[in-house]
Structures are given as structure tokens and as C-alpha cells.
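I have placed the structure first, in the form of C-alpha cells, so that the comments after it can refer back to it.
We number each residue from 1, following the sequence as shown.
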Amino acid sequence: MNHSARAFWVRSSGHGELRDATLAPPAADEVLVRALYSGVSRGTETLVFRGGVPQSQHAVMRAPFQEGDFPGPVKYGYLSVGEVEEGPAALIGRTVFCLYPHQSRYVVPVSAVTVVPERVPAARAVLAGTVETAVNALWDAAPLIGDRIAVVGGGMVGCSVAALLARFPGVRLQLVDADPARAETAEALGVDFATPADALGDCDLVVHASATEAGLTRALQLLAPEGTVVELSWYGDRRVALPLGEAFHSRRLTVRSSQVGTVSPAARPGRGYADRMALALDLLADPALDALITGESAFEELPDVMPKLASGEIPALCHRVRYAETGLT
């Protein structure tokens with residue numbers, strides 16, 4: 001069995017490369033996975049690629065199977081789908097999701113992989129990590145039937161949240177983004193779209209995911225009295241200013257954070273990381289979520305593609321990476 005691999009590393013800020021790796025044979029409680037696809041989460045991964053992770057957050061921002069340290073050299077990523085080549089008999093040949101960086105083959109504990117349901121295509125399963133973030137955000141947000149809701153920021157996370165909220169009965173929902181082109185994505189997800197200037201106000205709940213000061217300010221403006229903004233954005237080393245004077249106190253507004261690193265305390269007792277990931281993969285049976293995958297390239301092209309994703313030359317929600325010996329499934 002082939003125990004060699006190639007991996008994508010951020011060599012230094014703004015520069016990536018492929019490196020060879022030799023894998024140890026899997027132990028009894030491990031699996032060898034051959035990658036089929038991985039996904040580039042444009043917000044977080046391009047922040048890492050640019051070297052924008054603040055020193056105070058180096059430990060918090062570590063990916064589960066990261067190698068190296070920020071700002072680099074570092075092997076970073078967390079959206080990988082592959083086929084089990086070696087391991088327990090029940091897993092051989094199964095398609096699995098793992099929070100692993102961009103690498104052609106890898107060995108991980110059995111506990112680190114989640115079997116992809118048969119009704120979910122491997123090519124779509126790269127979204128599992130982001131849909132998991134959306135699940136956690138909605139556990140934190142606790143929307144109610146009939147709520148007036150806006151999702152500000154039509155990136156990968158914001159669109160995932162909007163796609164799940166579209167299933168809630170009786171809600172008034174808008175996806176809000178400064179880019180009018182996001183209207184096409186919103187339509188594919190079955191969600192109403194608005195630019196910030198045209199967004200409907202008096203919201204009971206606003207989920208903010210634009211990672212901009214202007215977006216968070218607008219999110220506060222859209223709230224009804226006693227409304228809540230759930231903040232999903234990661235700002236890296238940037239500071240933001242907010243209008244917490246004006247009517248913030250008199251309208252009794254709330255800003256609360258949500259972060260996927262911890263399972264929401266609002267989840268049912270006993271639900272852990274594995275339960276949350278399994279739920280995210282189950283939700284990916286919806287073909288509408290294919291709208292979140294906006295580009296694809298071969299793994300060998302990643303050192304040339306990542307700078308274009310980071311600069312915006314290649315606009316993307318989730319950019320899918322295709323590995324050799326792979327066909328679309």
C-alpha cells in the first residue's frame with residue numbers, strides 16, 4: 001500500500017508550496033485515507049495564507065492536524081474528504097470527512113473521521129466543516145418560528161447559515177451582502193436577497209458573517225428593540241469600531257459571539273463534536289448547497305491558486321480541490 005503523500009504548505013506569508021511526506025503505517029486504531037477532495041475556506045484560510053493570524057490567537061487558531069506554526073511554514077486546512085484504504089474492516093472503502101489540511105494521503109485516528117452518508121456526494125461533503133459552523137451558530141442563536149432574521153455577509157459561512165435558516169417555518173429571512181452577484185447564490189438557496197441599503201429592519205435576530213466593520217454596524221442597525229446580533233466573523237489582527245452609544249443601550253441590543261471550537265451550550269445535553277459533525281453531513285443531502293462551491297482546481301495547482309483566492313482575483317465561497325485518481329462522485 002502507498003504510504004507516500006504530498007501536502008500543501010504555506011512557506012511564508014503569501015507563498016505556498018507542495019511538499020513530499022512519508023506516512024507511517026496506520027496502527028490498530030488508525031486509518032489511512034486517500035484524499036478525493038478538499039475545500040479552501042476562503043475567509044480563514046486566506047487569512048492564514050496572508051500571515052494575518054495575530055500572535056495572541058496562534059494557539060486558538062490551530063487546526064486539528066496542523067503542522068508548523070503561524071505565520072509559517074505551516075500546513076493548514078480542515079475540509080478533507082477521502083476514501084479509507086487501510087484500517088478497520090468496517091471502514092475500508094468508505095468515504096469519510098476529516099478536519100485535515102490539503103494532503104493527498106494521511107493517517108489519522110479512527111475517531112477523527114466521520115463516514116459520509118451514501119446520499120451525500122463526496123464532492124459536496126467538503127462543505128461539512130462550514131455547515132458544522134452554521135449548525136453551532138444556530139444552536140447559539142436559537143431562532144424561533146416567525147422570527148424576522150437577516151444574515152449579513154454572503155460568504156461561505158453566511159450562506160451556510162442562510163441555507164439552514166431557509167428550512168425554518170414562518171421566518172422572514174434575507175441574505176444581505178454588498179455584492180449584488182450574491183443574489184444568484186441566494187436564489188439557489190431559496191433565500192431572499194438584499195443589499196445593505198435595501199435590507200429590511202426590525203429584525204429579531206441578525207447573524208453577522210461579513211468580517212467587516214461596516215457589516216457589523218449595519219447588523220446592529222437592522223435590529224428591532226431587544227434584538228440580538230450573533231457574531232460569526234473572524235477579524236484576525238484587525239480592530240473594529242462600533243456605535244455602542246446612540247441607541248444601543250436604550251434599545252437594549254445584544255451582541256454575542258459564536259465559535260465552532262466549542263459545542264454550543266444551547267445544544268441538547270450530551271451532544272458532542274461527533275454528533276454535530278454527523279448532523280452537518282446529514283444536512284448536506286440537500287443539493288441546493290452545491291451553490292456554495294464556486295470553483296475547482298487540481299491539487300497540483302494549489303500553490304498558484306491560493307494567492308489568487310487570497311487577493312480576490314478568483315472570487316469564491318468554497319473553492320474545491322481535486323486530487324489525482326478522482327472522478328466526480
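Scanning for salt bridge (charged side-chain N to carboxylate O under 4.0 Å, His left out) contacts around Glu30 gives an empty result, with sequence neighbours left out. Residues passing the side chain to side chain contact (heavy atoms under 4.5 Å, CB included) test with Ala224, sequence neighbours excluded: Arg148, Asp202. Residues passing the salt bridge (charged side-chain N to carboxylate O under 4.0 Å, His left out) test with Arg268: none are found, sequence neighbours excluded. Contacts of Asp286 classified as salt bridge (charged side-chain N to carboxylate O under 4.0 Å, His left out), with partners at least two apart in sequence or in another chain: Arg167. With sequence neighbours excluded, no residue forms a side chain to side chain contact (heavy atoms under 4.5 Å, CB included) with Ala142. With sequence neighbours excluded, the residues forming a side chain to side chain contact (heavy atoms under 4.5 Å, CB included) with Ile92 are Val84, listed by chain and number.
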Identify each donor-acceptor pair in which a side-chain atom of residues 188-196 lies under 3.5 Å from a protein atom, sequence neighbours left out, and give them as a table.
residue: Asp192; atom: OD2; partner: Gln174; partner atom: NE2; Å: 3.0
residue: Thr195; atom: OG1; partner: Asp198; partner atom: OD2; Å: 3.2

*side-chain contact (heavy atoms from CB on, under 4.5 Å) assessment of Asp69 paired with His58*: CA-CA 8 Å; Asp69 296 299; His58 282 190; 6.0 Å; no

*Begin from the C-alpha positions of Asn136 and Ser264 and carry the test side chain to side chain donor-acceptor pair (under 3.5 Å) through to its verdict.*
CA-CA 6 Å; Asn136 206 61; Ser264 170; 5.0 Å; no

*Under the side-chain contact (heavy atoms from CB on, under 4.5 Å) rule, what do Val260 and Arg276 come out as? Steps first, then yes or no, please.*
CA-CA 10 Å; Val260 73; Arg276 190 177 64 185; 3.5 Å; yes

*Verify side-chain contact (heavy atoms from CB on, under 4.5 Å) between Ser160 and Leu127, making sure each step is shown before the conclusion.*
CA-CA 9 Å; Ser160 296; Leu127 296 170; 5.8 Å; no

*Could you give me the CA-CA distance, side-chain angles and deciding distance for Glu246 and Gln221, then say whether side-chain contact (heavy atoms from CB on, under 4.5 Å) is met?*
CA-CA 11 Å; Glu246 302 179 9; Gln221 293 169 347; 5.9 Å; no

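A ring pair (Phe, Tyr, Trp, His ring centres under 6.0 Å) check over residues 276-311, counting only residues at least two apart or in different chains, returns the pairs Phe299-Tyr323. For residues 201-221, no residue pair satisfies the ring pair (Phe, Tyr, Trp, His ring centres under 6.0 Å) rule, not counting sequence neighbours. Applying the ring pair (Phe, Tyr, Trp, His ring centres under 6.0 Å) test to residues at least two apart or on different chains, none of the pairs has a partner in residues 141-191. Residues in residues 245-273 take part in no ring pair (Phe, Tyr, Trp, His ring centres under 6.0 Å) pair, two or more places apart or across chains.
Using modelled atom types, no side-chain atom of Arg94 and backbone atom of Val115 make a donor-acceptor pair closer than 3.5 Å. Remark: side-chain polar atoms of Thr228 are not paired, donor with acceptor, to backbone N or O of Thr254 under 3.5 angstrom. At distances below 3.5 Å, not a single donor-acceptor pair connects side-chain atoms of Glu83 with backbone N or O atoms of Glu85. At least one donor-acceptor pair closer than 3.5 Å links the side chain of Thr294 to the backbone N or O of Leu317. No donor-acceptor distance shorter than 3.5 angstrom exists from the side chain of Ser12 to the backbone of His15, with no hydrogens or angles considered. One N or O on the side chain of Thr133 and one on the backbone of Gly129 form a donor-acceptor pair closer than 3.5 Å. Distance alone, capped at 3.5 Å, is enough to place a donor-acceptor pair between the Ser233 side chain and the Ala211 backbone. Arg124 contributes no side-chain N or O that, together with a main-chain N or O of Leu289, makes up a donor-acceptor pair within less than 3.5 Å. Remark: the backbone N or O of Val263 is not paired with any side-chain donor or acceptor of Arg271 at under 3.5 angstrom. A donor-acceptor pair is defined here as one N or O able to donate and one able to accept, closer than 3.5 Å; no such pair exists between the side chain of Gln57 and the backbone of Val53.
Side-chain atoms of Thr114 and Leu281, non-hydrogen and from C-beta on, do get closer than 4.5 Å to each other. Side-chain contact between Phe65 and Cys98 is present, with at least one heavy-atom pair separated by less than 4.5 Å. Residues Val126 and Cys318 form a side-chain contact, since some pair of their non-hydrogen atoms from C-beta on lies under 4.5 Å apart. Side-chain contact between Pro307 and Phe49: present, with at least one pair of heavy atoms (C-beta onward) separated by less than 4.5 Å. Side-chain contact between Lys75 and Arg19 is absent, with no heavy atoms from C-beta onward closer than 4.5 Å. With contacts defined as side-chain heavy-atom distances shorter than 4.5 Å, the pair Tyr78/Thr44 qualifies. Between Val40 and Leu302, the closest side-chain pair of non-hydrogen atoms falls below 4.5 Å.
Once rounded to the nearest 0.5 Å, the distance linking CD of Glu313 with NZ of Lys308 reads 5.5 Å. Remark: Leu292 CG to Thr130 OG1 distance equals 8.0 Å, nearest 0.5 Å. Between the CH2 atom of Trp139 and the CG atom of Leu279 there is a distance of 6.0 Å, given to the nearest 0.5 Å.
Connectivity analysis of hydrophobic side chains (ILVMFWY, heavy atoms under 4.5 Å, direct or indirect) links Leu200 to nothing; its cluster partners are none.
Cluster membership for Leu79 and Val48, using ILVMFWY side-chain heavy atoms within less than 4.5 angstrom, is shared. Hydrophobic clustering (ILVMFWY, side-chain heavy atoms < 4.5 Å, transitive): Met156 and Met61 are in one cluster. No single ILVMFWY cluster, assembled from side-chain heavy atoms under 4.5 Å apart, contains both Val110 and Leu32.
At a cut-off of 3.5 Å, with distance as the only test, a side-chain donor of His102 or Glu45 sits close to an acceptor on the other residue.
With a 6.0 Å radius and a threshold of 12 heavy atoms from other residues, nucleotides or ligands, Glu17 has its CD atom above the threshold.
In terms of heavy-atom proximity, Ala316 sits nearest to Leu309 at CB-CD2, 3.7 Å.
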